[in-house]
Asks: 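The structure under discussion is supplied below as C-alpha cells; questions concerning it will follow.
Per chain, numbering begins at 1; letters A, B, ... match sequence-line order.
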Number of protein chains: 2
Amino acid sequence: MMERVEHAEPAHTRTGVASAPTTASRTVSGPSSALERWLAGHMLAAMGDPAITLALWDGHEVNRGGGTPRGRIRVLDRTALWGLLRNPEVEFGEAYSRGTIVVEGDLPAFLECVYRTWYRPAESAADRLLRRLYRPNHPPRNTLARSRHNIHHHYDLGNDFYRLWLDEQMIYTCAYFPTREMGLEQAQVAKLDHVCRKLRLQPGDRVVEAGCGWGALALHMARHYGARVRAFNISTEQLAHARERARAEGLADRVEFIEDDYRNIGGECDAFVSVGMLEHVGTENYAEFGRVIDRILTAEGRGLIHTIGRDRPGLMNGWIERRIFPGAHPPSLKEMLDLFEPWGLSVLDVENLRLHYALTLKHWLERFEQVADQVEKRFDANFVRAWRLYLAGSMAAFNAGNLQLFQVTFARTGGNAIPWTRSHLYE
Amino acid sequence: MMERVEHAEPAHTRTGVASAPTTASRTVSGPSSALERWLAGHMLAAMGDPAITLALWDGHEVNRGGGTPRGRIRVLDRTALWGLLRNPEVEFGEAYSRGTIVVEGDLPAFLECVYRTWYRPAESAADRLLRRLYRPNHPPRNTLARSRHNIHHHYDLGNDFYRLWLDEQMIYTCAYFPTREMGLEQAQVAKLDHVCRKLRLQPGDRVVEAGCGWGALALHMARHYGARVRAFNISTEQLAHARERARAEGLADRVEFIEDDYRNIGGECDAFVSVGMLEHVGTENYAEFGRVIDRILTAEGRGLIHTIGRDRPGLMNGWIERRIFPGAHPPSLKEMLDLFEPWGLSVLDVENLRLHYALTLKHWLERFEQVADQVEKRFDANFVRAWRLYLAGSMAAFNAGNLQLFQVTFARTGGNAIPWTRSHLYE
C-alpha cells in the first residue's frame, strides 16, 4: 500500500494521504478469525493496555485495559486490522484517513489515553523490542534538496487552506496564553510579545529570523519594537503572503523576506530568532545550525529558539512524519544543546510551554471542524480525516507529555549585557 | 612539592594548602635566564595573551597582551615560575597561597581578565593540545567513601569559620537579588523564597532535600510554607548546627536532619530539592541520582536542582578541585540532562543566575576581608590567601562566564498539575 502511494501518487493528494479506500476495504471482510482476535489483544497489550475498546468488523470486541473505556475504536475491515498489527503507529493514521478505522467518542481524549500507556518509558527488554518492531520510522537526512521538498509538502498546501482555520495573522506555532481564557488571536500576539521581550529588542536592532512562516513575528518586531529584520524561509507560498503584508503595511523597508535555507544566512545580527523551524532541521544538522548562529551573532547578541521537543530522545510519530511533516524530528533538550555548547553560546532561560500548545491545538481543531465542509470541497474527505487526526493527535501528545514546547533564550558565553532577572517578562 | 604536601600534611593545614614557604622561596633566586623569560612569554601566549604584566623576581617584565594592563603579577622566586610553567592552573594557586606570587591591583578584575582569554573556546588543534598539557586535572570518582572525605574536607572546616563571613543563616550557595542593591541577608532569603515558589510548596507537602548545608532552606520551607522536610547531608558539623537550630526554633517535629548520602534516600516525597550539591556528585553518578529521584517522587511531584554549571563540558579549575573542593565538577546543561531524560522527568524551567553568584561572591569576599585577621589567627596566612584566591577567582569565573548557575525545575513527564505560566514567581 505505502509503496504504491509513494511511487504513483495522484496529483491531487498533495499531503500524500491516500486518496481513496483500497479495493479490500470496499469488500465485506467476513468473520474475524481466532488468530486475528488473539493478535488484536496482543497488540493492545504491547501498547500498554490502554482503557479502550477495539471492535472488529464482525462485532467482536477486545478490551484489556480494565475500568471504563475512554473510547471505542472500530476496525471496519481486515486490511485495516492487518495494517495495525504490522505497524500500528503508521497504519492507524492511514486507515483513519481512509475511513476504515473509526473512533467513537472524544478523539483527543481517546488518543491521549492511548499515548499515556503506549509511550510511557519502556520497562523491560521485551517492551523495548516490541516497540522497535512496532515503530520502525527512520526518516531520511535533511539535505538542502530534501528540506525544500519537505517544507513544500506541508507549508505550500495553499495559503487559503491555512487562512480558513488559523488566526488572522496565520501564526502556525504554539501561542502563549497568559490566562487560559484568552482567545487565540490575542494569545498569538501575546506569544509574539513574549518572544520579543525575551530577546529584549531595541529600536534599530538587526534581527535574523530563521523560518518565518507567513511573516507575523518579523512584521511585529519591526512595527512594535523598531527592529530591522531579515526573515528567511524556503516556502514560496508563505513568502509571497509575507511580502504582500509587508508592502501593504508599509514595513517593506524594515523587513526583508528572503527565500533561502538557514544554512546560507550571512551578515550580522543583534538578535537571532527561530520559532517552529528546528523541528524540520534534524539533529544531524544542529552543529551546522549552531555554526550559522555563531557566525552571524554579535558579541552582545541575544537569541531564542522555540521548538517542539521531547523529554527523552525519540522518533517522531511515524504517521505524522510520513504524511504530515516529512523529515520532522522534535529534539530532547539534551539533543538541542548541540546547538549551543560547541559554540560558546550560553543558555539563559528555558521555558516549557507544553500545555499552551495543547490549548492552541484545541482552538485550531475547533476552527478546523467549523470549516471541515469547505476543506473537503477543496481536497477530499480523506484529507479532512487526516488533518483531524493530526490536530487531535498533536493536542493529545502535548497533553500526555509525549511532546514538549521549549523556548530557549541564549547569549554569548561571558557577555554581561543580559537581563538581571526575568521579571521584565511579567510586568 | 605537591607530593610532599599530600603525603605528610601537617595537622593544622586542614584545607590542604601548603602551610609554609619552601626552602627555595626563602632563598634569593638570582637573575632570570633568557630561557625563563622566553618561557614566561610563551606561557602568556598559551593563555591567550591576557592584558596583564608578569614581573619576575629580578624585575624583568613580560607583557604581551597589548593595551593597558589590567593587573600585574609578581613572581617572587624561581620555584614559583617553574611551577607556573609546568601547570599554571594549579601552581598559580599554590604559589599565591604560599605568598611567592603576588597580584597587584584588583584581584577579581585581574583574574576575570585572565579567564576571559584563557578559557575561551579553543580555536586550533595546537591550542587544544596546549590546554591539555596545561590542565591535567583528573579528579577521582566519587565513591561513597570518597564523597565523605571530600565533603568533610571543605564543609567541616568549622562552623565558626563560616559564621565569620557568611550571612546570619549561613547559606553557602548563590543568593537571588531581585535588585542589585539588595543586601546579602535579604538576597539569601529571597533565594529561599524563589526556590519554594518554583516548587509550589503547599502546607503538608513532604519534601526531601539532598545536601542541606546548615539547614536554612529546610527550616524556611517548614516555617513559611508548612512543609514536612527530610534533609540529608554527610557533613557532621553542618548537621549538628542544623539540628540545634531546629530545636531552638521549635521546628524539630517538622524537619528531620539525616546524616546520610543521597544515594540512600528512601520513602516518598511531593517535592525534591537539591541546592548546591550536584557539583559534588560527579557525572558518573547522575544516572544513579536520577534513579533516586525517580524512586521517591510522587506522580504529581515537583523538583528543583540548583547547581554551578558550565556552558560546555570541562573540568573544574585544577587548583580549586585540589585544594578547595576535591571531587567537584560543575556540569554543562547537556551533562545535567542525564539526571532527567532517562527517568521520565520533564524539565519545566531552567534559569541561569550566573551574575547573581558573582554578586554573592563579591559580598562574601568583602566580608571575608573584614575578618581576615581573625581567620589568620585561627589558621594561618597561607589559608587566608588561599581562600581570598578561591573567593575572588570564583567571582571572576562567574563574571567571565566560565561558570554558570543553573536552577532547573522539573516534574514527571505528562503530569499536568504544573503551573500555567511563571508569572507567580514575580508577583
Asks: Please state whether the side chain, the backbone, both or neither of Phe406(A) comes within less than 4.5 Å of a heavy atom of chain B.
Replies: side chain

Asks: Answer whether the closest heavy-atom distance between the side chains of Arg422(A) and Leu425(B) falls below 4.5 Å.
Replies: yes

Asks: Counting N and O atoms only, with roles assigned by atom type, does the side chain of Arg354(A) sit under 3.5 Å from a partner on the main chain of Leu348(B), one being a donor and the other an acceptor?
Replies: no

Asks: Do Trp420(B) and Leu359(A) pass the side chain to side chain contact (heavy atoms under 4.5 Å, CB included) test, and can you show the C-alpha distance, the side-chain angles, and the key distance before you say yes or no?
Replies: CA-CA 11 Å; Trp420(B) 186 253; Leu359(A) 184 50; 3.6 Å; yes

Asks: Rounded to the nearest 0.5 Å, how far apart are CE of Met336(B) and NZ of Lys334(A)?
Replies: 12.5 Å

Asks: Evaluate side chain to side chain contact (heavy atoms under 4.5 Å, CB included) for Asp349(A) paired with Asp349(B), printing each intermediate quantity in order.
Replies: CA-CA 7 Å; Asp349(A) 181 14; Asp349(B) 181 13; 4.1 Å; yes

Asks: Between chain A and each of Gly415(B), Ala358(B), Ser423(B), Gly309(B), count heavy-atom pairs under 4.5 Å; write down the option with the most.
Replies: Ser423(B)

Asks: Flag yes if more than 12 heavy atoms outside Arg200(B) fall under 6.0 Å of its CZ atom; otherwise flag no.
Replies: yes

Asks: If I compare all heavy atoms of Thr413(A) with all of Gly401(B), which pair ends up nearest, and what's the gap?
Replies: CG2-O, 3.3 Å

Asks: Apply the test side chain to side chain contact (heavy atoms under 4.5 Å, CB included) to residues Val347(A) and Gln404(B): give CA-CA distance (whole Å), side-chain angles for both, the deciding distance (0.1 Å), then the verdict.
Replies: CA-CA 9 Å; Val347(A) 172; Gln404(B) 314 292 318; over 6 Å; no

Asks: Flag the pair Ser332(A) / Leu337(B) as yes when at least one side-chain heavy-atom distance between them is below 4.5 Å, and no otherwise.
Replies: no

Asks: Enumerate the salt bridge (Lys or Arg N to Asp or Glu O under 4.0 Å) contacts for residues 409-418 of chain B, please, sequence neighbours excluded, ordered by first and then second residue.
Replies: Asp294(B)-Arg412(B)

Asks: The test is side chain to side chain contact (heavy atoms under 4.5 Å, CB included); show your working for Leu355(A) and Ile418(B) and say whether it passes.
Replies: CA-CA 9 Å; Leu355(A) 294 179; Ile418(B) 54 179; 3.7 Å; yes

Asks: Could you pull out every donor-acceptor pair under 3.5 Å between side chains of residues 176-183 of chain B and any protein atom, sequence neighbours left out?
Replies:
none

Asks: Enter the distance from Tyr426(B):OH to Thr421(A):OG1 here, rounded to the nearest 0.5 Å.
Replies: 6.0 Å

Asks: Taking every non-hydrogen pair under 4.5 Å, which of Thr409(B), Leu333(B), Val350(B) racks up the most with chain A?
Replies: Val350(B)

Asks: Identify the two heavy atoms, one from Pro313(A) and one from Glu341(B), that lie closest to each other, and give their separation to 0.1 Å.
Replies: CD-OE1, 3.3 Å

Asks: Distance check, rounded to the nearest 0.5 Å: Leu345(B) atom CG versus Arg312(A) atom CZ?
Replies: 9.0 Å

Asks: Between chain B and each of Asp311(A), Asn352(A), Val408(A), count heavy-atom pairs under 4.5 Å; write down the option with the most.
Replies: Asp311(A)

Asks: Step through the shown structure and confirm whether more than 12 heavy atoms of other residues, nucleotides or ligands are within 6.0 Å of CZ on Arg197(A).
Replies: yes

